[in-house]
J.: 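Okay, here's the structure, questions in a sec.
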Amino acid sequence: QVQLVESGGGLVQAGGSLRLSCAATGGTFSLYVMGWFRQAPGQEREFVAAISRSGSGTSYADSMKGRFAISRDNAKSTVYLQMNSLKPEDTAVYHCAARSGYVTVPREDQYEYWGQGTQVTVSS
């Protein structure tokens, strides 16, 4: 079983930046594709970004391209989400997730393990 714990959320003004972290325990981190998803109040959870097991491959939701960057440190069993030029519509609970396999996919039903999430609030 893999346990995931997110951190780094908070309150930031529009145009600001935040870096989220997700620490994994209980498994071999380098064997998992990692993803970030977010869920705003009253909305469905949506895909943000994913990264391959080695970190060489990444994918992003269109609205995040150029503003967000996903990365990972397999030695630290941690995945990161650098968020720049934040907008009020980025306000959500951000979850990291892990899936066995090789392919970065945007579908939440393809991810086996989930963290509890960290709140990101962007004020205008």
J.: Please tell me whether F29 and Y111 are part of a single hydrophobic cluster in this structure, the criterion being side-chain heavy atoms less than 4.5 Å apart.
T.: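 The answer is no; the residues belong to distinct hydrophobic clusters.
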J.: Is there a donor-acceptor contact under 3.5 Å from the side chain of S54 to the main chain of S56?
T.: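 Indeed, once roles are kept as given, a pair shorter than 3.5 Å links the two residues.
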J.: Please list all pairs passing the disulfide (SG to SG under 2.5 Å) test where one or both residues lie in residues 84-124, with sequence neighbours left out.
T.: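 The answer is C22-C96.
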J.: Run S71 and Q82 through side-chain hydrogen bond (donor to acceptor under 3.5 Å, both in side chains) and show every step you take.
T.: CA-CA 8 Å; S71 61; Q82 177 67 43; over 6 Å; no
J.: Go through the structure and list residues passing ring-ring contact (aromatic ring centres under 6.0 Å, His included) with F47, not counting sequence neighbours.
T.: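 If we apply the ring-ring contact (aromatic ring centres under 6.0 Å, His included) test to F47, skipping adjacent residues, the hits are F37.
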J.: Which distance, rounded to the nearest 0.5 Å, do you find between the CG of D62 and the CE of M64?
T.: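 One gets 9.5 Å once the value is rounded to the nearest 0.5 Å.
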J.: Considering residues at least two apart in sequence or located in another chain, which fulfil the ring-ring contact (aromatic ring centres under 6.0 Å, His included) criterion with Y60?
T.: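 With neighbours one apart ignored, the set is empty.
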J.: Measure the shortest side-chain to side-chain distance between V93 and T118 over non-hydrogen atoms and say whether it is less than 4.5 angstrom.
T.: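 No. Closest side-chain heavy atoms not under 4.5 Å.
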J.: Is there a side-chain contact between L4 and W114 in this structure, where contact means two heavy atoms from C-beta onward sitting under 4.5 Å apart?
T.: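 Not in contact.
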J.: Just by modelled atom types, is the V122 backbone N or O under 3.5 Å from a matching donor or acceptor in the T91 side chain?
T.: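 Checking the backbone N and O of V122 against the side chain of T91, a donor-acceptor pair under 3.5 Å is found.
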J.: Does Q116 CD have over 12 foreign heavy atoms under 6.0 Å away?
T.: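 Incorrect, the count does not exceed 12.
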J.: The criterion is salt bridge (charged side-chain N to carboxylate O under 4.0 Å, His left out); which residues satisfy it with R38, sequence neighbours excluded?
T.: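 So R38 forms a salt bridge (charged side-chain N to carboxylate O under 4.0 Å, His left out) with E46, D90.
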J.: Would you kindly confirm whether Y80 and M34 end up in one hydrophobic cluster when ILVMFWY residues are joined by side chain heavy atoms under 4.5 Å apart?
T.: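 As far as the 4.5 Å side-chain criterion goes, M34 and Y80 are not connected within one cluster.
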J.: Using the test ring-ring contact (aromatic ring centres under 6.0 Å, His included), find all partners of Y94 that sit at least two apart in sequence or belong to another chain.
T.: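 Listed in chain order: nothing, the list is empty.
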J.: Walk me through whether I51 and V79 qualify under side chain to side chain contact (heavy atoms under 4.5 Å, CB included).
T.: CA-CA 9 Å; I51 188 166; V79 62; 4.1 Å; yes
J.: Is there a side-chain contact between V48 and L81 in this structure, where contact means two heavy atoms from C-beta onward sitting under 4.5 Å apart?
T.: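 Side-chain contact under 4.5 Å: yes.
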J.: List the residues meeting salt bridge (charged side-chain N to carboxylate O under 4.0 Å, His left out) with K87, not counting sequence neighbours, and say none if there are none.
T.: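 Counting only residues at least two positions away or on another chain, K87 forms no salt bridge (charged side-chain N to carboxylate O under 4.0 Å, His left out).
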J.: Can you list every pair that meets disulfide (SG to SG under 2.5 Å) and has a residue in residues 41-92, with sequence neighbours left out?
T.: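 Not a single pair qualifies under disulfide (SG to SG under 2.5 Å).
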J.: Suppose we screen for side chain to side chain contact (heavy atoms under 4.5 Å, CB included). Which residues come up paired with S124, at least two apart in sequence or across chains?
T.: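 With sequence neighbours excluded, S124 shows a side chain to side chain contact (heavy atoms under 4.5 Å, CB included) to P88, given in chain and number order.
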J.: Quick check: do F68 and L86 have side-chain heavy atoms less than 4.5 Å from each other?
T.: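 In short, these two side chains touch, coming nearer than 4.5 Å.
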J.: With sequence neighbours excluded, what pairs up with R53 under the side chain to side chain contact (heavy atoms under 4.5 Å, CB included) test?
T.: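 Per chain and number, R53 pairs via side chain to side chain contact (heavy atoms under 4.5 Å, CB included) with L31, V33, Y102.
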J.: With hydrophobic residues grouped by side-chain heavy-atom distances under 4.5 Å, do W36 and V105 end up in a single group?
T.: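 No, it is not one cluster - the side chains of W36 and V105 are not joined through contacts under 4.5 Å.
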J.: Is there a donor-acceptor contact under 3.5 Å from the side chain of R72 to the main chain of T78?
T.: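 No.
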J.: Once rounded to the nearest 0.5 Å, what's the spacing between atom CD of Q39 and atom CD of Q119?
T.: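 Interatomic distance, Q39 CD to Q119 CD, rounded to 0.5 Å: 11.0 Å.
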J.: Disulfide (SG to SG under 2.5 Å): which pairs involve residues 31-79, sequence neighbours left out?
T.: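 Of all non-adjacent pairs touching residues 31-79, none passes disulfide (SG to SG under 2.5 Å).
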J.: Any chance you could lay out the side chain to side chain contact (heavy atoms under 4.5 Å, CB included) test for Q1 and Y113, step after step, and finish with the verdict?
T.: CA-CA 8 Å; Q1 292 287 335; Y113 303 103; 3.2 Å; yes
J.: With sequence neighbours left out, what residues match E108 under salt bridge (charged side-chain N to carboxylate O under 4.0 Å, His left out)?
T.: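 Partners of E108 under the salt bridge (charged side-chain N to carboxylate O under 4.0 Å, His left out) test: R45.
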J.: Does the pair E6 and H95 meet the rule for a side chain to side chain contact (heavy atoms under 4.5 Å, CB included), with working shown?
T.: CA-CA 7 Å; E6 303 93 337; H95 299 266; 3.9 Å; yes
J.: Side-chain donor-acceptor contacts of residues 9-21 below 3.5 Å, not counting sequence neighbours, with atom names and distances?
T.:
| unit_1 | atom_1 | unit_2 | atom_2 | d |
| --- | --- | --- | --- | --- |
| S17 | OG | N84 | OD1 | 3.0 |

